Amino acid sequence: MGGKPRVGARTDQKRFWLMKSEPDVFGIDDLQRVGQEPWDGVRNYQARNFMRDKMQIGDRVLFYHSNAKPPGIAGIAEVATESYPDPTQFDPNNKYYDPKSSEEAPRWMLVDVRFVKKFKSLLPLQEVRDNPALATMALVQKGSRLSIQPVTESEWSTLMDILD
DNA sequence: GCCAACGTTGGC
DNA sequence: GCCAACGTTGGC
């Protein structure tokens, strides 16, 4: 009964994430319009590692608007692909070009994200700060700037109760 | 536009 | 391996 414990298996564990984007550059409306988009331009190792090592197709993503008025959580996306090399790192004309990377040994990996929904109203950062059940979120930790963050299941369900 | 907090780079 | 200088993030 039960079989072997699936040590290291990550097949059926739900995972949740938060990904930041500036709506002036690429917001939830843009994602809705295009449907699916490569999450390119990430040049932070911790954020890259989440995409490369931890994300699975179907993981749910909070789409966060940074540098916005107000900043906040705007909608939901999902991980749409396995990770693969970010093509912008190879293009000398691209602002995300990385001369230290190569096609043989790519440094930066990304996933595509797919639109799921846009909330009827954005949940402002201030309301996340004000909610004790969300105090654990990386988003509201002092000094936290990571553009891709894991979200716990309890944080996720708290948010889903608030958001529509 | 300001600037605190971080991450990265590169000289030593 | 240290750490100062520099660049970036992102709220305000």
Side-chain angles (χ1 to χ4, degrees), chain A residues 15-34 37-55 59-79 83-152 154-156 158-164:
Chain A
R15 287 168 191 266
F16 305 102
W17 306 96
L18 179 146
M19 298 171 88
K20 297 180 182 175
S21 187
E22 303 191 17
D24 288 350
V25 179
F26 190 84
I28 190 73
D29 292 330
D30 298 300
L31 185 61
Q32 181 166 26
R33 181 169 42 77
V34 301
E37 182 77 1
W39 204 261
D40 61 18
V42 169
R43 296 294 181 268
N44 171 282
Y45 289 106
Q46 210 177 338
R48 178 205 65 183
N49 293 348
F50 285 137
M51 290 198 284
R52 188 187 63 186
D53 305 332
K54 303 290 185 190
M55 285 187 175
D59 284 0
R60 293 279 152 156
V61 176
L62 299 167
F63 195 109
Y64 180 84
H65 281 177
S66 59
N67 259 322
K69 293 175 184 174
I73 301 170
I76 298 175
E78 66 180 0
V79 175
S83 65
Y84 62 94
D86 179 343
T88 63
Q89 71 195 302
F90 307 128
D91 176 4
N93 298 315
N94 191 285
K95 68 181 286 202
Y96 297 119
Y97 176 60
D98 183 352
K100 293 180 178 170
S101 188
S102 67
E103 310 232 12
E104 296 71 34
R107 178 178 292 202
W108 305 109
M109 304 289 282
L110 55 67
V111 300
D112 285 14
V113 301
R114 180 185 298 132
F115 177 80
V116 173
K117 78 176 292 185
K118 177 185 177 180
F119 297 127
K120 288 184 177 139
S121 61
L122 171 139
L123 181 69
L125 175 62
Q126 190 57 54
E127 292 189 26
V128 178
R129 289 193 194 288
D130 291 344
N131 189 323
L134 300 176
T136 53
M137 288 189 74
L139 184 66
V140 296
Q141 304 312 306
K142 184 174 167 65
S144 165
R145 298 187 320 190
L146 251 193
S147 66
I148 299 178
Q149 312 171 354
V151 171
T152 68
S154 87
E155 291 159 357
W156 181 270
T158 297
L159 287 161
M160 293 307 111
D161 287 344
I162 298 169
L163 288 158
D164 183 25

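The model shown is predicted, which means the values in this text are computed figures rather than measured ones. Hydrogens, waters and symmetry mates are skipped; everything else that's a heavy atom, side chains included, is used. Within every chain, numbering begins at 1; the chains are lettered A, B, ... in the order of the sequence lines, protein sequences first and strands thereafter.
- Remark on DNA chain B: of its neighbouring residues A/N67 and A/N44, the 5'-side contact belongs to A/N67, judged by nearest-heavy-atom nucleotide.
- In the set C/dC12, B/dT8, C/dG10, B/dT8 carries the atom at the smallest distance from any side-chain atom of A/Y45.
- Between A/W108 atom CH2 and B/dG7 atom C1' there is a gap of 10 Å when expressed in whole angstrom units.
- Listed pair A/Y64 / C/dT9 fails the phosphate criterion, with no side-chain N or O lying under 4.0 Å from OP1 or OP2.
- Rounded to an integer number of Å, the gap from CD1 of A/I148 to P of B/dG7 is 15 Å.
- Of all nucleotides listed (B/dT8, C/dG11, C/dG7), C/dG7 comes nearest to the side chain of A/R145.
- Side-chain contact, A/Q126 with A/D130: a donor N or O sits under 3.5 Å from an acceptor N or O.
- Computed from coordinates, the A/L146 CG to B/dG7 P distance equals 8 Å when rounded to whole Å.
- The only option from A/M160, A/R60, A/E155 that meets the side chain to side chain contact (heavy atoms under 4.5 Å, CB included) definition with A/F16 turns out to be A/R60.
- One can place CD of A/Q149 at 12 Å from C1' of C/dG10, the figure rounded to the nearest angstrom.
- Rounded to an integer number of Å, the gap from A/L125 CG to C/dC12 C1' is 11 Å.
- A/T158 places no side-chain N or O within donor-acceptor distance of the main-chain N or O of A/A133, the cut-off being under 3.5 Å.
- Along DNA chain B, the nucleotide nearest A/S144 and the nucleotide nearest A/R107 are compared for position; the residue whose nucleotide lies closer to the 5' end is A/S144.
- Using a 4.0 Å cut-off, no side-chain N or O of A/K100 falls inside it from OP1 or OP2 of B/dT8.
- Atom-to-atom, CG of A/D98 to P of C/dT8 comes out at 13 Å; the value is rounded to the nearest Å.
- For the residue pair A/Q89 / A/S101, a side-chain donor-acceptor distance below 3.5 Å is found, with atom types taken as modelled.
- We find that CG of A/N49 is positioned 13 Å from P of B/dG7, with the value rounded to whole Å.
- Taking only side-chain nitrogens and oxygens, A/K20 never comes nearer than 4.0 Å to OP1 or OP2 of C/dT9.
- A/K142 places its NZ atom 14 Å from the C1' atom of C/dG10, with the value rounded to the nearest Å.
- Defined by atom type and a distance below 3.5 Å, a donor-acceptor pair is present between the side-chain atoms of A/Y84 and A/D112.
- The phosphate of C/dC12 has OP1 or OP2 within less than 4.0 Å of a side-chain N or O from A/R129.
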